[in-house]
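Working notes for the structure below.
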Amino acid sequence: MSVGLQRLRDEPDAIRKGAIDKGEDPALVDAALAADTRRRELQGEADGLRAERNATSKSIGESIKAGARPDGPEVAALRSRSTEIGKRLGDIERELTAAEAQVEDLLLRIPNPAEPDVPVGGEEANVTVHTWGEQLPRSQPAEGEVGADASARGATWERRPHWELAEALDIIDLRRGAKIAGSGFPVYKGAGAALQRALITWFLDVHTRENGFTEIWPPIVINSASARGTGQIPDKEDQMYVVTRDDLYLVPTAEVPVTNLHRDEILEPGTLPIHYVAYTPCFRREAGAAGKDTRGILRVHQFDKVEMVLFERPEVSGAALDWMTGRAEDLLQRLGLAYRVLLMSTREMGFVQSRKYDLEVWAPGVERWLEVSSCSNFRDYQARRMAIRYRVEKGGKAELVHTLNGSGLALARTVAALLETYQLADGSILVPEVLRPYLGTDRIGPPAG
RNA sequence: GGAGAGGUGCCGGAGCGGUUGAACGGUCCUGUCUUGAAAACAGGUGACUCGCAAGAGUCCGUGGGUUCGAAUCCCACCCUCUCCGCCA
C-alpha cells in the first residue's frame, strides 16, 4: 500500500506516467495489477473454504450439543471433512500470503506521482519560483554595507569560505571531529557551539510562539516500521546509520519519528490540522557522495535541523504547503540571507513527494546556492503507508490524511552561508539582529592571532 | 539486568475450546418525550479485505504451534505496571 490499489486500478496510466516522470520503472504498475488480480482470486477461494470449514466446525459443536456422541460416526465424518477442507485451505493460504507480500512489495516500489504542474525532468527542469535578497559578490568593497570596518577601509577584500573563517575563529573543528567520530562529524566550539544553540532555539521560538506549532522532542532512533512508514525503507535505506544489535536506525530527519507519531491512528473530528515542529540532530551516511563537498560543513554526516511536520485535510494540503514554505522563507529573511525558491522537477523531488520546494541560500564565500530547506507535500502516500486517517464528523468514515513536512531550517549550511555573508574584512562575524539576544553579542571574533 | 502481574472495541471491564466481533457499564449518534435543555425510555455506535449486491472472510499485543474448531491451550518475542538492582 502506497499509491493505493483503488487508484492503481482506476487510473493505471497516470501512475505509469508518474513512475516514468520520476525515472522509475512503469512496468511495476502492471506487475502490481497482475499480482493484485491473483491475490483477489486466491482470497475468494480462501474465503469460500474458510466459510465451509467454519460451518462444518459449527455443526460439529451443534451435533454434540444436540446429543451426538463426540466419538460417534456422525461427528467423525464431519471431522474428517473439516480436516480435508483445512488441508486445501492451508495450501491456498500459503499462496495467498505470498501473493499479498508480492503486491505489497511491488506497491512499495511504485513512486508517488508528481502533481500535474510539476516540471518533468532532472535538475535542469527545476523552476526558480522567486528569489529574495542581494546575491553578494565574493569580492567586497571595503565600505560595503555589511562589512564596513575601519581597518580595511579604502581597499577591496575577498570573502572567504566558511571553513577558513571557522578555523581562524576556532569555532568549528573538523579535524578533531574526524578523530573522535570520522570525517563529516563537525565539532562546534565556543561561539560556534553557541551559534548552533542560538539558531535552534530561535527557530523553535518563532515556530511555537508566532506560527502556532506544537513542539516535539522525539527519540533520535527509530525502528524499521517507522522508517518504512515515511518511505526511508526501502527507498533510502542505505543512507541511514543502523544500530544492528537493537534493530534501530539513527534518524535521518525528525520527519520520521514525528510523522510516525500518529501511525495506525484515526484522528477524531476537530483535531486537524496538526502542526508539529521538532529539533533533532540528523544522521546521514551520504553513501555515493564520497568526494563531493569535502571541505567545510556543506555535506556532513551529522547536522542539526528544525523540522515542521503537518497533518492536514486533503482539500487544504496544497495551501498548507505554500504556508509552510513561507514560514521557512520568513526565517531566512529575518536572518538577512539571500535565497531562492525552487519548484523541484519530477526526478529531483524524490520518491514519496508529490510536490516539493527547495530553499537555497546564497553563500558568497563559496559562491554557491546551498539547500537549507526542503518543503514537501506527500498527499496521502505516507498516510497510507502509516494508516493515518481522520474523520470529518463523529461516526463518519475514516479517510486518509495528507502529510507534509519542511525544514525550518537545517543548520550546517545555514551556518556556512551566515558566516560567509556576515563576515567582515578582519575575519570576524557580525551577528544578525535576531540572534543577538540569544548569543549575547553582536559580533563573533575577531580572531586572536 | 532479576522477580512478579498484565496486555480484549473510543474508554472502563467480562469472557467454561464450539451462534463471542465479543456480555455489562460509560461515551457518542438517532428517535420518543419537552417551549428548550436535562432526565427517562427505545434503537444504533470498531477497522479492514473481496463483492454490483446479497453476503462472505479477517482482526481480542505480534509471530508461530496444538485442534474439526482458539480471544480462550502451548511456545517465542514485544510492550505496560509493581518490587529489587543499577544509573544520567
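Just so we're on the same page: letters track the sequence lines, and every chain starts at 1. No hydrogens, no waters, no symmetry mates; every other heavy atom, side chains included, goes into these values.
- Counting to the nearest Å, the P atom of U49(B) and the CG atom of L49(A) are 22 Å from each other.
- With U49(B), A47(B), C68(B) as the candidates, the nucleotide lying closest to the side chain of I60(A) is C68(B).
- Between W323(A) and H275(A), the ring centre distance stays below 6.0 Å.
- With distances taken from any side-chain atom of S57(A) to the nucleotides U58(B), G18(B), G57(B), the minimum falls on G18(B).
- A22(B) sits 10 Å from U45(B) when the P atoms are compared, rounded to a whole Å.
- Remark: U67(B) base-pairs with no nucleotide in the shown strands. Criterion, Watson-Crick or G-U wobble with two distances under 3.5 Å.
- The 5' end of RNA chain B is approached more closely, in terms of each residue's nearest nucleotide, by E62(A) than by the other of R9(A) and E62(A).
- For the P atom pair drawn from G46(B) and A37(B), the interatomic distance equals 26 Å after rounding to whole Å.
- Counting to the nearest Å, the C1' atom of G64(B) and the CD atom of E93(A) are 14 Å from each other.
- Side-chain nitrogen and oxygen atoms of R53(A) include none within less than 4.0 Å of the OP1 or OP2 phosphate oxygen of U67(B).
- Out of C50(B), U58(B), C68(B), the shortest distance to the side chain of N54(A) is found at U58(B).
- Here the separation of C68(B) from C81(B), taken at their P atoms, is 41 Å to the nearest Å.
- Within the 4.0 angstrom heavy-atom criterion, no nucleotide atom of any strand lies near R38(A).
- At a threshold of 4.0 angstrom between heavy atoms, the contacts of I64(A) include nucleobase atoms, whether or not backbone atoms are also involved.
- Between C48(B) and C60(B), the distance separating the two C1' atoms is 15 Å to the nearest Å.
- A donor-acceptor contact shorter than 3.5 Å links the side chain of T346(A) to the backbone of D21(A).
- Base pairing annotation: G1(B) forms a Watson-Crick or G-U wobble pair with C84(B), both donor-acceptor distances under 3.5 Å.
- Remark: A23(B) base-pairs with no nucleotide in the shown strands. Criterion, Watson-Crick or G-U wobble with two distances under 3.5 Å.
- Pairing of C52(B), defined by two Watson-Crick or G-U wobble distances under 3.5 Å, is not identified with any nucleotide.
- In this structure, T83(A) reaches the sugar-phosphate backbone alone: every heavy-atom distance under 4.0 Å involves primed, P, OP1 or OP2 atoms, never a base.
- Checking G396(A) against R79(A), the closest nucleotide of RNA chain B that is more toward the 5' end is the one next to G396(A).
- Distance noted for atom C1' between A71(B) and A23(B): 14 Å (whole Å).
- Distance check on atom C1': U8(B) versus U62(B) gives 15 Å, rounded to whole Å.
- D380(A) places no side-chain N or O within donor-acceptor distance of the main-chain N or O of A383(A), the cut-off being under 3.5 Å.
- Put simply, the side chain of L298(A) reaches to within 4.5 Å of the side chain of H162(A), judged on heavy atoms.
- Distance, N223(A) CG to C77(B) C1': 14 Å, rounded to whole Å.
- Nearest nucleotide to the R40(A) side chain, out of G18(B), C50(B), G57(B): C50(B).
- Here A47(B) presents its P atom at 18 Å from CZ of R384(A), a figure rounded to the nearest Å.
- With distances taken from any side-chain atom of K397(A) to the nucleotides C48(B), C68(B), G57(B), the minimum falls on C48(B).
- Between C74(B) and C16(B), the distance separating the two P atoms is 13 Å to the nearest Å.
- Distance L42(A) CG to U58(B) P: 16 Å, rounded to the nearest Å.
- A donor-acceptor pair is defined here as one N or O able to donate and one able to accept, closer than 3.5 Å; no such pair exists between the side chain of S226(A) and the backbone of I222(A).
- One interatomic measurement links the two molecules: CD of E45(A) to P of U49(B), which rounds to 21 Å at whole-angstrom precision.
- Checked against a 6.0 Å centroid threshold, the rings of Y276(A) and H262(A) count as neighbours.
- Picking from C68(B), U58(B), U49(B) the nucleotide with the shortest atom distance to the side chain of R50(A) gives U58(B).
- Distances were taken from every side-chain heavy atom of R389(A) (C-beta onward) to each of C68(B), G57(B), C48(B); the shortest belongs to C48(B).
- Between the P atom of U45(B) and the CD atom of E393(A) lies a distance of 17 Å, rounded to the nearest Å.
- In this structure, CD of Q6(A) is placed 12 Å from C1' of C50(B), rounded to the nearest angstrom.
- Considering L107(A), L106(A), D105(A) as possible partners of V103(A), the one that fulfils the side chain to side chain contact (heavy atoms under 4.5 Å, CB included) test is L107(A).
- Separation of the C1' atoms belonging to G13(B) and U20(B) is 15 Å when rounded to the nearest angstrom.
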